[in-house]
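This report refers to the structure that appears directly beneath it.
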Amino acid sequence: MAKNMSDEERLELAAKLDKDLDDFIDGLEKSRYTEGWPEDRWQEEMEKHPFFMKRPPEVGEKVDPLVEGLQQLKYDPAENTPDELALNYKEDGNFHMKYRKYRVAILCYTEGLRVKSIDGEINATLLNNRSAAHYFLKNFRSAMLDAQKAVKLKPEYKKPHIRAAKCAEVLNKHDLCMEICDQILTYDPSEKDVLKMRKDCQNRKAVKEREQRKLAAEERKKQEAKERLIMEIKKREIRFEEIERKKFPELTMDVLKPKYLPVEEFPVCLSSDNQLCWPVVFCFPEFNISDFQQQLDESFLLADCITDILFENEDRDEEGKYNIDTVRVYYENNCLGKTFVVNMDLTLKEITQLSTFLISGGCLTFYILPKNSEEETEYLNLNRAPKV
């Protein structure tokens with residue numbers, strides 16, 4: 001139980017408190033004051049005070065206790081209704097939008113939607129504003145979805161409606177864009193920008209469809225050409241090592257794709273006069289090099305092909321061993337493990353139809369060696385060469 005103080009004791013306590021306060025003030029006056037606001041920063045420091053600040057504190061920034069208390073009151077569900085909380089978050093989002101902090105604004109609007117206000121007007125505004133923030137960040141899909149949700153809550157809400165159409169246009173969703181434009185024009189037929197957007201979108205759709213038809217026609221043409229090519233090859237009963245070894249069950253374009261790098265972009269094709277044009281590789285075992293022709297018509301005589309390739313390689317033939325009369329040409333059948341001499345008076349078509357000739361790696365491959373030379377002997381020691 002508290003003891004009642006006498007008047008004398010009360011006066012004595014008051015005198016003591018006055019003295020203590022005087023001593024404290026004297027101490028402050030004698031010590032150097034270092035916690036004040038420098039003259040050149042007084043405005044900056046003033047704006048940190050809760051009553052004068054012009055912006056909310058940044059994330060992670062030290063917060064004044066009074067600001068912290070005010071924020072807790074502002075966002076406390078016990079102190080605010082869902083509608084009030086949603087409006088508070090909308091206000092914050094709008095502030096960040098003003099300073100182009102779109103990602104922070106999105107977070108604010110999202111929090112506003114999360115409190116589940118029953119006011120459709122508030123939710124439509126939050127969705128519209130979040131849609132705008134997404135739009136400025138070029139998140140067009142998210143912007144369109146939010147705008148469409150806003151319109152569902154408020155059917156004649158023009159801003160999100162127009163933004164949804166713009167997003168659909170950017171995303172090349174032409175039908176959707178025109179559909180949204182039509183919806184807008186039902187309640188505002190005079191909206192010139194929407195009319196123009198719809199017309200532009202319709203034109204782009206027409207261009208796109210025309211390009212798609214063109215590409216589809218080209219693709220059909222390519223496919224038909226591939227089918228004719230394969231049909232002609234099968235008609236000639238040409239054999240392929242990959243199929244003989246059962247690496248592929250049947251003849252496809254994968255089998256025909258050249259595996260030799262310099263001619264990989266030049267697979268066998270069919271000419272206008274229905275002749276096959278093959279990529280051909282010519283190997284010189286003596287020099288350990290290969291030469292090639294990207295596409296040779298199957299009607300060409302092998303002798304003519306060899307003459308041309310020897311002429312192109314005459315610089316390395318210092319001893320003059322390589323000419324059409326002093327060389328022999330071979331091909332290898334890896335499935336049989338044998339090498340065969342080629343009759344150079346045959347055409348490429350006749351050679352490809354030989355029962356022992358196999359096409360490998362999408363190319364016709366021939367080996368050129370001087371007759372009766374050490375190089376030919378060494379080559380034949382590795383392979384037998386029965387004539388055909």
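Source: prediction; values computed, not measured. Values below: every heavy atom of this structure, side chains too, minus hydrogens, waters and symmetry copies.
Checked by atom type and distance alone, the side chain of Asn334 never pairs as donor or acceptor with a backbone atom of Gly337 at under 3.5 Å. In this structure a side-chain-to-backbone donor-acceptor pair under 3.5 Å is present from Glu298 to Leu276. When atom types are taken as modelled, the side chain of Ser131 and the backbone of Leu127 share no donor-acceptor pair closer than 3.5 angstrom. The backbone N or O of Leu336 sits less than 3.5 Å from a side-chain atom of Asn333, completing a donor-acceptor pair. The backbone N or O of Leu215 lies less than 3.5 Å from no partner atom in the side chain of Glu219, so there is not a single donor-acceptor pair. Side chain of Lys371 to backbone of Asp325: a donor-acceptor contact under 3.5 angstrom is found. A donor-acceptor contact shorter than 3.5 Å is absent between the side chain of Asp297 and the backbone of Phe300. The backbone N or O of Ala124 lies less than 3.5 Å from no partner atom in the side chain of Asn128, so there is not a single donor-acceptor pair. With hydrogens and angles disregarded, no donor-acceptor distance shorter than 3.5 Å links the side chain of Tyr367 to the backbone of Arg328. Listed for the Lys154 side chain is no donor-acceptor partner under 3.5 Å among the backbone atoms of Lys152.
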**OP:** Take Glu242 and Ser360 through the test side-chain contact (heavy atoms from CB on, under 4.5 Å) and record every step on the way to the result.
**Re:** CA-CA 7 Å; Glu242 292 84 356; Ser360 177; 4.1 Å; yes
**OP:** Start with the C-alpha distance between Arg210 and Val207, add both sets of side-chain angles, then the distance that settles side-chain contact (heavy atoms from CB on, under 4.5 Å), and finish with yes or no.
**Re:** CA-CA 5 Å; Arg210 188 161 57 247; Val207 170; 3.4 Å; yes
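Within a 6.0 Å radius of NZ in Lys259, more than 12 heavy atoms belonging to other residues, nucleotides or ligands are found. Around atom CD of Glu374, no more than 12 heavy atoms belonging to other residues, nucleotides or ligands sit under 6.0 Å away.
The ring-ring contact (aromatic ring centres under 6.0 Å, His included) search around Phe284 returns Tyr322, not counting sequence neighbours. Asp308 pairs by the salt bridge (Lys or Arg N to Asp or Glu O under 4.0 Å) definition with nothing, not counting sequence neighbours. Considering only residues two or more places apart in sequence or on other chains, Arg245 meets the salt bridge (Lys or Arg N to Asp or Glu O under 4.0 Å) condition with Glu241.
For the pair Glu232 and Arg228, the salt-bridge criterion is not met [side-chain N within less than 4.0 Å of a carboxylate O].
One distance of note links CG of Leu348 with SG of Cys305; it measures 4.5 Å at 0.5 Å rounding. Annotation: the span from Lys196 atom NZ to Cys201 atom SG amounts to 11.5 Å, rounded to 0.5 Å.
Among pairs with a residue in residues 127-141, those fulfilling salt bridge (Lys or Arg N to Asp or Glu O under 4.0 Å) read Arg130-Asp146, at least two apart in sequence or across chains.
Note: the hydrophobic cluster containing Met344 also contains Phe282 (ILVMFWY, side chain heavy atoms under 4.5 Å, direct or indirect links). Note on Leu85 and Leu126: separate hydrophobic clusters, where clusters join Ile, Leu, Val, Met, Phe, Trp and Tyr whose side-chain heavy atoms are under 4.5 Å apart, directly or indirectly.
Between Tyr135 and Phe140, the ring center distance clears the sub-6.0 Å criterion. With ring centers used as reference points, Phe366 lies 6.0 Å or more from Tyr331. Within the 6.0 Å centre-distance limit, the rings of Tyr330 and Tyr379 are counted as a close aromatic pair.
Exactly one of Leu354, Ile351, Ile306 qualifies for a side chain to side chain contact (heavy atoms under 4.5 Å, CB included) with Val342. That residue is Ile351. Residue Leu296 forms a side chain to side chain contact (heavy atoms under 4.5 Å, CB included) with just one option from Leu364, Val280, Asp304, Leu302, and that option is Val280.
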Using distance only, find each side-chain donor-acceptor pair of residues 112-119 under 3.5 Å and give its atom names and separation, not counting sequence neighbours.
{"unit_1": "Arg114", "atom_1": "NH1", "unit_2": "Glu111", "atom_2": "OE2", "d": "2.8"}
{"unit_1": "Ser117", "atom_1": "OG", "unit_2": "Asp83", "atom_2": "OD1", "d": "2.4"}
{"unit_1": "Ser117", "atom_1": "OG", "unit_2": "Asp119", "atom_2": "N", "d": "3.1"}
{"unit_1": "Asp119", "atom_1": "OD1", "unit_2": "Glu121", "atom_2": "N", "d": "2.9"}
{"unit_1": "Asp119", "atom_1": "OD1", "unit_2": "Ile122", "atom_2": "N", "d": "3.3"}

List the atom pairs, with distances to 0.1 Å, where a side-chain N or O of residues 166-180 and a protein N or O form a donor-acceptor pair under 3.5 Å, not counting sequence neighbours.
{"unit_1": "Glu169", "atom_1": "OE2", "unit_2": "Arg204", "atom_2": "NH2", "d": "2.1"}
{"unit_1": "Asp175", "atom_1": "OD1", "unit_2": "Lys205", "atom_2": "NZ", "d": "2.5"}

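Judged purely by distance below 3.5 Å, without hydrogens or angles, the side chains of Asp188 and Ser190 pair a donor atom with an acceptor atom.
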